[in-house]
Amino acid sequence: MSERPMNEHELTVVVLAAGGGTRMKSKTVKVLHPIAGRTMIGHVLAAVRTLEPHRVVAVIGHQREQVATHVRELVPDVVLAVQEVLDGTGGAVRVAMETSGTSRGTVVVATGDTPLLEGESLRKFVADHRAAEQAVSILSGIVADPFGYGRILRNDEGDVEGIVEEKDATPQQREIAEISSGILAFDAEFLVGALPRLTNDNAKGEYYLTDTVRIAREDGLTVGAFPIDDVAQTEGANDRVQLAEMGRELNRRIVTRWMRDGVTVMDPATTWIDADVKLAEDVTILPGTQLLGATVVAEDAVIGPDTTLKDCEVGAGARVVRAHAELSVIGDGAEVGPYARLRPGTILGTRSKIGTFVETKNAHLGDGAKVPHLSYVGDAEIGEQANIGAGTIFANYDGIAKHRTKVGRWFRGGSNNTFVAPVELGDGSSTGGGTVVRRNVPPGALAVSGGPQRNLPGWVPSKRAGTPQAEAAEEAHRGPGRASDDQGGGH
């Protein structure tokens with residue numbers, strides 16, 4: 001949105017977000033509840049931005065500080081209008097118009113709890129409103145169960161005469177299937193003049209924005225209602241049951257869109273993809289996979305089964321199996337899992353590998369480097385083609401601060417190593433099994449620790465007498481067949 005002088009072609013969008021949503025039974029205000037990786041109002045604002053409006057006005061009330069902070073993150077130049085008294089949609093829009101100083105152009109009013117709303121539908125609605133040169137346009141829908149919605153009232157010629165809210169409707173009016181979505185478009189000049197004429201003489205004692213339809217008709221102005229084919233886009237979520245149902249539907253739409261764009265999804269019912277995820281053609285997603293946040297997956301990668309990636313980048317041809325990763329980069333052709341955890345700051349180079357039961361954090365693996373088994377790699381830099389032995393621990397924390405370990409190119413590690421940071425293992429170096437590395441290892445050197453192995457004969461029979469372990473040792477010393485001889489009563 002740009003700052004430019006107001007003119008008759010300008011577009012202002014008002015998003016209503018002042019309500020608390022008591023039926024959510026939550027300390028979080030309704031519009032901030034998450035669905036498909038965004039808040040409900042985040043989805044609405046994403047649709048609104050496709051209109052490229054001159055200004056966006058958010059009407060806030062309950063938890064205004066939290067809502068204001070979130071909305072500013074999404075729309076930095078948003079105009080915030082505070083509705084001190086929650087006296088209805090008419091009062092909310094009045095506050096919005098006064099705060100923004102809007103008096104010309106087109107005004108679109110949307111609600112902050114319709115996360116399925118799409119920008120293309122809004123663009124078509126605004127185009128129809130402007131083409132018809134109407135004072136008020138209503139985005140309506142035909143539904144099987146109109147309970148709870150305002151009904152569109154038309155005369156015998158089909159012209160819109162008004163909107164009646166559920167609580168004020170007669171039994172006959174409640175049978176009307178065409179409902180108001182709550183999304184309206186106005187000629188701004190008409191709206192400024194109509195808002196002071198609203199009254200609260202109704203069952204709720206509120207100022208209804210929909211009463212502007214009656215005012216427009218009284219003034220001899222035109223009003224139109226444009227039914228949307230996909231009425232689910234206008235539905236709101238008032239409790240957690242509805243939110244979950246809407247989440248499943250939104251996920252179904254997202255997964256379907258990606259399949260149509262060339263992504264293979266083996267089991268759509270167990271696959272969850274957030275709205276901001278980006279997938280290339282020929283990605284394959286196996287059952288039980290969740291792609292969350294701003295995850296990006298390149299072509300020919302295979303994700304799953306039973307994998308969760310949040311805010312990750314996955315390179316072309318990579319394979320991620322039964323893994324959990326967050327804020328990590330997985331390079332082209334890399335392999336992860338099964339049963340691996342990549343914590344924030346993990347960067348895997350091309351054709352590198354994180355194997356079974358491996359956890360990483362703030363670790364960078366060079367091209368071709370491998371951590372195949374049973375290891376923890378924290379605060380580390382591992383050079384290209386290095387191989388970390390099974391059961392290796394990067395001991396990065398000394399109880400006060402975290403320290404880094406650097407492993408050189410073509411390093412070869414023995415099993416059951418501990419690298420006590422800060423420490424550096426040079427290019428081409430090696431470690432023996434069971435080594436604790438406390439000092440730097442020069443390039444090409446073999447690091448071993450501990451003295452020669454010592455055996456203490458008789459320790460188990462002496463210290464563990466009477467146990468199955470001790471009995472096994474004694475039988476072994478007697479040799480084959482001796483145990484039965486002893487049981488027989490002597491030599």
Side-chain angles (χ1 to χ4, degrees), residues 1-2 10-19 21 29-60 67 70-81 89 92-93 96 100 105-130 137-141 179-186 209 226-238 242-243 246-258 261 273-278 293-294:
M1 294 177 295
S2 60
E10 287 175 359
L11 176 63
T12 297
V13 180
V14 177
V15 179
L16 306 182
V29 68
K30 179 170 71 170
V31 297
L32 295 187
H33 275 262
I35 175 172
R38 300 174 183 163
T39 60
M40 283 201 277
I41 195 172
H43 286 281
V44 175
L45 292 172
V48 163
R49 284 197 298 268
T50 66
L51 297 173
E52 299 183 352
H54 178 267
R55 66 181 63 82
V56 173
V57 186
V59 182
I60 58 178
V67 177
H70 179 64
V71 171
R72 279 200 188 101
E73 290 174 352
L74 301 176
V75 185
D77 55 352
V78 66
V79 177
L80 296 172
T89 53
V93 174
S100 64
T106 301
V107 177
V108 173
V109 178
T111 58
D113 65 343
T114 54
L116 270 63
L117 184 63
E118 297 178 4
E120 181 60 32
S121 298
L122 280 181
R123 285 197 295 269
K124 186 175 184 300
F125 175 53
V126 172
D128 289 343
H129 166 77
R130 285 175 164 169
S137 294
I138 307 154
L139 188 62
S140 67
I179 56 94
S180 169
S181 68
I183 300 172
L184 300 100
F186 296 91
L209 182 64
F226 298 93
I228 184 173
D229 294 333
D230 182 13
V231 72
Q233 291 186 39
T234 68
E235 293 178 357
N238 293 313
Q242 292 178 339
L243 184 65
M246 196 166 290
R248 283 192 294 271
E249 173 59 20
L250 181 52
N251 185 70
R252 185 192 67 78
R253 295 176 180 220
I254 293 172
V255 172
T256 298
R257 173 170 59 85
W258 283 120
D261 286 347
I273 304 176
D274 277 353
D276 293 320
V277 169
K278 304 296 182 186

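Just so you know, residue 1 is the first one in the sequence shown, and it goes up from there.
When each of Val14, Leu184, Val13, Leu11 is checked for a side-chain contact (heavy atoms from CB on, under 4.5 Å) with Val107, only Val14 meets the rule.
Considering every non-hydrogen atom in both His43 and Ala275, the closest pair reads CE1-CB, 3.8 Å. The shortest non-hydrogen separation linking Val71 to Ala58 is CG1-CB, 4.1 Å. Across every non-hydrogen atom of Val109 and Phe186, the tightest pair is CG2-CE1, 3.9 Å.
Contact check on Asp229 versus Lys124 returns no salt bridge, with no Lys/Arg side-chain nitrogen under 4.0 Å from an Asp/Glu carboxylate oxygen.
Met40 has its side chain within reach of Ile35: a pair of non-hydrogen atoms, C-beta onward, lies under 4.5 Å apart. Using a 4.5 Å cut-off on side-chain heavy atoms (C-beta onward), Arg38 and Leu45 make no contact. Asn238 has its side chain within reach of Asp113: a pair of non-hydrogen atoms, C-beta onward, lies under 4.5 Å apart. Using a 4.5 Å cut-off on side-chain heavy atoms (C-beta onward), Val93 and Val59 make no contact. Side-chain contact between Ser137 and Asp128 is absent, with no heavy-atom pair separated by less than 4.5 Å. By the 4.5 Å heavy-atom criterion applied to side chains, Leu117 and Gln233 are counted as neighbours. At least one side-chain heavy atom of Glu118 sits under 4.5 Å from a side-chain heavy atom of Arg253. With a 4.5 Å cut-off on side-chain heavy atoms, Val31 and Thr39 do not count as touching.
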Note to self: For Leu122 and Val48: C-alpha separation, side-chain torsions, deciding distance, then whether side chain to side chain contact (heavy atoms under 4.5 Å, CB included) applies.
What the structure shows: CA-CA 7 Å; Leu122 280 181; Val48 163; 4.3 Å; yes
Notebook entry, point to check: side chain to side chain contact (heavy atoms under 4.5 Å, CB included) between Leu243 and Lys30: does it pass, once the steps are laid out?
Noted result: CA-CA 10 Å; Leu243 184 65; Lys30 179 170 71 170; over 6 Å; no
Check: Between Arg49 and Val56, is a side chain to side chain contact (heavy atoms under 4.5 Å, CB included) present by the stated rule, with each step listed?
Finding: CA-CA 9 Å; Arg49 284 197 298 268; Val56 173; 6.0 Å; no
Margin query: What verdict does the side chain to side chain contact (heavy atoms under 4.5 Å, CB included) test give for Gln242 and Glu235, after you've listed the backbone C-alpha separation in whole Å, the side-chain angles of each residue and the deciding distance to 0.1 Å?
Written below: CA-CA 10 Å; Gln242 292 178 339; Glu235 293 178 357; over 6 Å; no
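Formation of a donor-acceptor pair under 3.5 Å by the Asp276 side chain with backbone atoms of Ala294 is not found in this model.
The structure places OG1 of Thr89 at 7.0 Å from CG of Leu16, a figure rounded to the nearest 0.5 Å. Note that OG1 of Thr114 and CD1 of Ile183 are 5.0 Å apart. Values are rounded to the nearest 0.5 Å.
In summary, the side chains of His129 and Thr106 do not present any donor paired with an acceptor at a separation below 3.5 Å, with no hydrogens or angles considered.
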